[in-house]
J.: 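Encoded as structure tokens, here's the structure I'll be asking about.
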Amino acid sequence: MKIIAFGDARYKRIAHNWAIYLRNHGINNYTIYSLDCEIHEYLIENKINTELLDLNIFEGKTWKWRERVKFVSALLNSGTSVLHSDLDAIWLKNPLSFIEEDNDIVASTGTYPKDIYKKIGFTVCMGWIYYKSSPIVKILLENTLNQGVNHNFDDQVEFNREIFNNPKYSSLNLKTLDQSIISRDQPHNENTYVAHPLSEKHIDREKFLKSKNLWTLQ
């Protein structure tokens with residue numbers, strides 16, 4: 001299994017902070033994919049596992065989520081299982097024990113998109129999610145990528161609609177982790193493993209994480 005995250009120069013200190021939490025748990029099999037030279041050089045200088053990735057995920061104020069899903073899909077097709085974490089999803093405890101051999105997907109939960117939330121009472125959150133390199137997961141991501149061709153692609157919308165609106169995935173072993181384990185829209189506490197608090201877009205992410213007591217970098 002490979003633990004991955006993505007970030008550009010705006011997130012270089014966020015990435016550094018995130019990696020320190022993983023290291024504090026003895027987790028070193030992670031890679032932060034640097035989307036520009038500035039963050040790559042910074043992470044190399046600070047001995048953080050990183051690879052420079054020529055992938056245009058961020059443009060202006062818009063994330064091209066399809067490109068990220070394509071990248072993850074390629075890793076799965078190469079035989080590599082993947083745990084993707086947003087850089088502002090802070091690992092307060094080691095959550096890896098929640099991933100078991102027979103799990104195809106292990107994911108945090110949220111409330112978006114609303115149509116799926118109303119239908120089943122939760123949604124899969126793409127900010128912390130494990131994908132096993134199994135045939136059904138490979139198909140799921142390929143089919144997700146085929147959605148939204150005529151409009152802006154939102155990975156969380158397309159993924160949730162694909163998985164929960166199609167009976168073809170009835171054999172998929174999905175484990176969802178509620179917000180007592182991976183907090184999203186509720187405050188974290190001493191029992192939380194990963195804290196990923198909701199926030200406005202395009203804010204000072206470092207200041208925000210500090211305000212939530214989720215900062216360890218000096």
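This chain uses plain numbering: 1 for the first residue, then up along the sequence. The figures here come from the full heavy-atom set of this structure, side chains too, leaving out hydrogens, waters and symmetry mates.
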J.: Taking all non-hydrogen atoms of both residues into account, name the closest pair between Y193 and P95 and its distance.
T.: CD2-CA, 3.9 Å

J.: Closest approach of L22 and I3, non-hydrogen atoms and distance?
T.: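 It is CD2-CG2, 4.3 Å.
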
J.: Tell me whether E100 is salt-bridged to K175, with the criterion being a basic N under 4.0 Å from an acidic carboxylate O.
T.: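 Result for this pair is yes, salt bridge flagged.
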
J.: Does D88 pair with R205 as a salt bridge, N-O distance under 4.0 Å?
T.: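 Looking at R205 together with D88, the answer is yes, because their closest N to O distance falls below 4.0 Å.
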
J.: When you compare the side chains of D178 and T109, does any donor N or O come within less than 3.5 Å of an acceptor on the partner?
T.: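 Side chains of D178 and T109: no pair found under 3.5 Å.
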
J.: For the pair Y169 and N143, evaluate side chain to side chain donor-acceptor pair (under 3.5 Å) and give the outcome as yes or no after the intermediate values.
T.: CA-CA 11 Å; Y169 304 110; N143 289 339; 2.9 Å; yes

J.: So, do S133 and K138 sit near enough that their side-chain heavy atoms are less than 4.5 Å apart?
T.: yes

J.: L177, V82: one ILVMFWY side-chain cluster at the under-4.5 Å cut-off?
T.: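 Different clusters.
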
J.: Name the atoms and distances for all side-chain donor-acceptor pairs under 3.5 Å in residues 211-218, with sequence neighbours left out.
T.:
unit_1: S211; atom_1: OG; unit_2: F208; atom_2: O; d: 2.5
unit_1: W215; atom_1: NE1; unit_2: L217; atom_2: O; d: 2.8
unit_1: Q218; atom_1: NE2; unit_2: T216; atom_2: O; d: 3.4

J.: Does any non-hydrogen side-chain atom of V194 lie less than 4.5 Å from one of S183?
T.: no

J.: Without swapping roles, check the side chain of H84 against the backbone of M126 for a donor-acceptor pair under 3.5 Å.
T.: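 Judged by distance alone, yes, a pair lies under 3.5 Å.
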
J.: So, for F164 and F122, is the gap between ring centers shorter than 6.0 Å?
T.: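 Close enough - the centres of the two rings lie under 6.0 Å apart.
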
J.: For a quick check under 3.5 Å, do Y131 and N103 share a side-chain donor-acceptor pair by atom type?
T.: no

J.: Would a distance-only check, ignoring hydrogens and angles, find a side-chain to backbone donor-acceptor pair under 3.5 Å from R184 to H196?
T.: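 Yes; judged by distance alone, with no hydrogens or angles, the pair exists.
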
J.: Below 4.5 Å, heavy atoms only, C-beta onward: do I129 and S108 meet side chain to side chain?
T.: no

J.: How far apart are the closest heavy atoms of L43 and A15, and which atoms are they?
T.: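 What the structure gives for the nearest pair is CD2-CB, 4.1 Å.
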
J.: What distance separates I120 CD1 from T123 OG1, expressed to the nearest 0.5 Å?
T.: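 Result: 7.5 Å between the selected atoms.
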
J.: Any side-chain donor-acceptor pair under 3.5 Å between K93 and N191?
T.: no

J.: With a 4.5 Å heavy-atom cut-off, do I48 and Y30 have their side chains touching?
T.: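 Counting from C-beta outward, I48 and Y30 do come under 4.5 Å.
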
J.: Any link between F98 and M1 through a network of hydrophobic side chains (Ile, Leu, Val, Met, Phe, Trp, Tyr) touching at under 4.5 Å?
T.: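 As far as the 4.5 Å side-chain criterion goes, M1 and F98 are connected within one cluster.
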
J.: Once side chain to side chain donor-acceptor pair (under 3.5 Å) is applied, do any residues pair with S34, and if so which ones, sequence neighbours excluded?
T.: T50

J.: Minimum heavy-atom separation for L172 to L140, with atom names?
T.: CD1-CD2, 4.0 Å

J.: If every non-hydrogen atom of I39 is compared with every non-hydrogen atom of L35, which pair is closest and at what distance?
T.: CG2-N, 4.0 Å

J.: Test side chain to side chain donor-acceptor pair (under 3.5 Å) on K12 and N46 and set out the steps.
T.: CA-CA 10 Å; K12 62 184 182 183; N46 287 282; over 6 Å; no

J.: Would you say N165 and I116 make side-chain contact, with heavy atoms under 4.5 Å?
T.: yes

J.: When you look at CZ of F71, are more than 12 heavy atoms from neighbouring residues, nucleotides or ligands closer to it than 6.0 Å?
T.: yes

J.: State, with a plain yes or no, whether a side-chain heavy atom of N49 is found less than 4.5 Å away from one of I32.
T.: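 When only atoms from C-beta onward are counted, I32 and N49 do not touch, as no gap falls below 4.5 Å.
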
J.: Charged N to carboxylate O below 4.0 Å: is that the case for K70 and E67?
T.: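 Result for this pair is yes, salt bridge flagged.
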
J.: Go through it in stages, so that I can follow the logic: the residues are L83 and W128, the test is side chain to side chain contact (heavy atoms under 4.5 Å, CB included), and I'd like the CA-CA distance, side-chain angles, deciding distance and then a yes or no.
T.: CA-CA 7 Å; L83 196 169; W128 196 97; 3.7 Å; yes

J.: Let's go through L92 and H188 carefully: what are the C-alpha distance in whole Å and the side-chain angles of both, what is the deciding distance for side chain to side chain contact (heavy atoms under 4.5 Å, CB included) to 0.1 Å, and is it a yes or a no?
T.: CA-CA 10 Å; L92 299 174; H188 64 278; 3.7 Å; yes

J.: Give the cluster check for V69 versus Y130: same hydrophobic cluster or not, with ILVMFWY residues linked at side-chain heavy-atom distances below 4.5 Å.
T.: no

J.: Determine, using the 4.5 Å side-chain heavy-atom cutoff (strictly less than), whether I99 and Y21 are members of one ILVMFWY cluster.
T.: yes

J.: Test S180 against T192 for side chain to side chain contact (heavy atoms under 4.5 Å, CB included), laying out the working first.
T.: CA-CA 6 Å; S180 66; T192 304; over 6 Å; no

J.: With distance as the sole test, does K132 use its side chain to make a donor-acceptor pair with the main-chain N or O of E101 at under 3.5 Å?
T.: yes

J.: How about Y11 and F6: are their ring centroids closer than 6.0 Å?
T.: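 No, they do not, as the ring centres are separated by 6.0 Å or more.
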
J.: With a 4.0 Å cut-off on N to O distance, would you call D155 and R68 a salt bridge?
T.: yes

J.: Can you list the other members of the hydrophobic cluster that holds V157, where links are side-chain heavy atoms under 4.5 angstrom apart?
T.: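 Members other than V157 - counting any ILVMFWY side chain reachable under 4.5 Å - are Y112.
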
J.: How close do Q156 and C125 get, heavy atom to heavy atom, and via which atoms?
T.: OE1-CA, 3.6 Å

J.: Would you kindly say whether T144 and R161 are connected by a side-chain donor-acceptor distance under 3.5 Å?
T.: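 Judged by distance alone, the side chains do not pair up.
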
J.: Does D86 reach the main-chain N or O of A89 with its side chain, forming a donor-acceptor pair under 3.5 Å?
T.: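 Checking the backbone N and O of A89 against the side chain of D86, no donor-acceptor pair under 3.5 Å is found.
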
J.: Side chain of N173, backbone of D104: donor and acceptor closer than 3.5 Å?
T.: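 Checked: no pair found.
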
J.: Starting from L96, can I reach I182 by hopping between I/L/V/M/F/W/Y residues whose side chains sit under 4.5 Å apart?
T.: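 The answer is yes; both residues are in one hydrophobic cluster.
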
J.: Where do N166 and E162 land on the side chain to side chain contact (heavy atoms under 4.5 Å, CB included) test, with the steps shown first?
T.: CA-CA 6 Å; N166 289 299; E162 177 65 24; 3.4 Å; yes

J.: Decide, yes or no, whether a salt bridge links E206 with K210 under the criterion of side-chain N to carboxylate O below 4.0 Å.
T.: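 Salt bridge flag = yes for K210 with E206.
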
